[in-house]
Amino acid sequence: MLNPIDIAAVIRDGRIAGTFPGEIHQGVAWWVASCFVVTSKTHQLAVAHDGHLTTAGFHRSFCRGAINAQHFACQVFDLGTADEAQLLQAMKNVGGSPGALLTTTEGDGRQLVIIRLYDAQGQQVTDDTGLTRIRDMIAADHVPIPVNAQARGRIIDRHDLVGAA
């Protein structure tokens with residue numbers, strides 16, 4: 001695995017989180033997204049971020065990882081900047097899609113990047129509902145890659161879904 005991380009420390013307690021730089025890097029977002037698409041067996045995913053400059057880079061990597069997950073040809077609905085409530089509403093508006101929210105908090109001169117995953121019903125994915133499998137796939141270096149160009153998904157700008165009732 002290129003740029004290894006302490007997977008058990010970063011993927012736990014219902015989230016993917018680590019200080020940046022240091023504990024987490026943008027490649028982790030790719031790995032998590034690709035594994036999430038495969039473990040949830042989804043062909044669409046809603047993704048939002050908090051607008052922080054650091055988060056924006058992780059968001060781009062997450063979206064690219066999701067569209068490159070094996071044969072799923074996942075369509076990623078890029079919501080742009082949104083909060084959790086807006087993400088959950090957008091997930092419903094696209095027909096019950098799983099989702100992800102990426103955020104960054106700052107304190108004590110450090111940045112903490114957090115990725116939260118949600119199932120199609122809007123429940124946060126936990127160790128028992130998928131994070132353990134994602135963590136195990138990454139630890140075993142089984143991050144999915146696309147089978148071929150036709151299997152690659154696409155990123156669709158859906159900023160219009162943010163705030164939709």
Side-chain angles (χ1 to χ4, degrees), residues 7 10-18 20 24-105 111-138 143-146 151-165:
I7 295 166
V10 171
I11 304 175
R12 63 184 177 87
D13 301 331
R15 65 185 191 169
I16 298 89
F20 176 78
I24 196 169
H25 54 79
Q26 291 180 3
V28 175
W30 175 293
W31 303 341
V32 168
S34 186
C35 292
F36 184 45
V37 167
V38 171
T39 60
S40 62
K41 298 181 174 133
T42 190
H43 293 281
Q44 63 181 28
L45 185 66
V47 183
H49 64 90
D50 63 0
H52 191 284
L53 183 60
T54 297
T55 312
F58 278 82
H59 174 261
R60 284 188 298 276
S61 185
F62 189 95
C63 291
R64 287 193 306 269
I67 68 170
N68 280 290
Q70 290 182 341
H71 61 277
F72 285 88
C74 186
Q75 290 187 28
V76 173
F77 301 121
D78 178 359
L79 306 177
T81 302
D83 62 24
E84 182 182 46
Q86 292 169 316
L87 169 66
L88 295 174
Q89 185 61 49
M91 289 165 50
K92 287 181 190 175
N93 290 347
V94 296
S97 166
L101 179 63
L102 291 81
T103 61
T104 299
T105 58
Q111 295 181 18
L112 180 67
V113 176
I114 302 170
I115 303 171
R116 288 189 171 86
L117 306 175
Y118 300 86
D119 65 20
Q121 291 74 42
Q123 298 300 309
Q124 194 167 329
V125 176
T126 65
D127 285 345
D128 294 337
T129 61
L131 275 186
T132 297
R133 185 156 179 235
I134 291 169
R135 183 174 47 245
D136 292 347
M137 289 174 73
I138 294 170
V143 175
I145 58 172
R152 186 171 296 120
R154 62 190 178 121
I155 300 169
I156 302 167
D157 182 328
R158 290 303 310 264
H159 295 186
D160 62 299
L161 290 172
V162 175

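Values below: all heavy atoms of this structure, side chains included; hydrogens, waters and symmetry mates excluded. For clarity, every value in this text was computed on a predicted model and none was experimentally measured.
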Nearest heavy atoms of Ile11 and Val32, plus distance in Å: CD1-CG2, 4.4 Å
Nearest atoms (heavy-atom pairs only) where Phe36 meets Pro98: CZ-CB, 3.9 Å
From CG (Asp83) to CG (Leu101), nearest 0.5 Å: 8.0 Å
To the nearest 0.5 angstrom, please state how far the CG atom of Leu102 sits from the NE2 atom of His49. 8.5 Å
Point-to-point distance, once rounded to the nearest 0.5 Å, from OG1 of Thr126 to CZ of Arg12: 14.5 Å
Any Leu79 side-chain heavy atom under 4.5 Å of Leu87 side chain: yes
Under 3.5 Å: donor-acceptor pair, side chain of Ser97, backbone of Val94: no
For Ala46 and Met91, the nearest pair of non-hydrogen atoms, with its separation, is CB-CG, 3.8 Å
Would you find a donor on one side and an acceptor on the other, under 3.5 Å apart, between the side chain of Ser61 and the backbone of Gln26? yes
Spacing of Thr55 atom OG1 and Ile114 atom CD1 [to the nearest 0.5 Å]: 9.0 Å
Between the side chain of Arg158 and the main-chain N/O of Phe77, is any donor-acceptor distance below 3.5 Å? no
In Å and rounded to the nearest 0.5 Å, what is the CD to CD1 distance from Gln75 to Ile155? 11.5 Å
So which atom in Pro144 and which in Cys35 form the shortest heavy-atom distance, rounded to 0.1 Å? CD-SG, 3.7 Å
So CD1 of Ile115 and NE2 of His59: to nearest 0.5 Å the spacing works out to 11.0 Å
Would you confirm whether Thr132, through its side chain, and Asp127, through its main-chain N or O, come within 3.5 Å as a donor-acceptor pair? yes
With Leu131, the side chain to side chain contact (heavy atoms under 4.5 Å, CB included) member among Asp136, Thr39, Leu117, Asp13: Leu117
Please report the C-alpha distance between Asp50 and Thr81 in whole Å, then the side-chain angles of each, then the deciding distance to 0.1 Å, and finally whether the side-chain contact (heavy atoms from CB on, under 4.5 Å) criterion is met. CA-CA 5 Å; Asp50 63 0; Thr81 302; 5.7 Å; no
Let me see the working for Tyr118 and Val125 under side-chain contact (heavy atoms from CB on, under 4.5 Å), right down to the final yes or no. CA-CA 5 Å; Tyr118 300 86; Val125 176; 5.6 Å; no
If I compare all heavy atoms of Gly122 with all of Leu88, which pair ends up nearest, and what's the gap? O-CD2, 3.6 Å
Under 3.5 Å, is there a donor-acceptor pair between the side chain of Gln89 and the main chain of Gln86? no
Would one find more than 12 heavy atoms of other residues, nucleotides or ligands at under 6.0 Å from atom CD1 of Ile156? yes
Heavy atoms, side chains only, cut-off 4.5 Å: are Ile138 and Val143 in contact? yes
Is there a side-chain contact between His159 and Asp78 in this structure, where contact means two heavy atoms from C-beta onward sitting under 4.5 Å apart? yes
Using a 3.5 Å distance criterion without hydrogens, assess whether the side chain of Asn68 forms a donor-acceptor pair with backbone atoms of Arg152. no
Testing the basics here: between Val162 and Ala82, what is the closest heavy-atom pair and its distance to 0.1 Å? CG2-CB, 3.9 Å
With Phe72 as reference, evaluate Val37, Leu45, Ile67 under the side chain to side chain contact (heavy atoms under 4.5 Å, CB included) test and give the passing residue. Val37
Would you say the ring centers of His25 and Trp31 fall short of 6.0 Å from each other? yes
Would you call the rings of Phe20 and Phe58 parallel, tilted or perpendicular if under 30° counts as parallel and over 60° as perpendicular? perpendicular
Any non-hydrogen side-chain atom of Val113 less than 4.5 Å from a side-chain atom of Thr54? yes
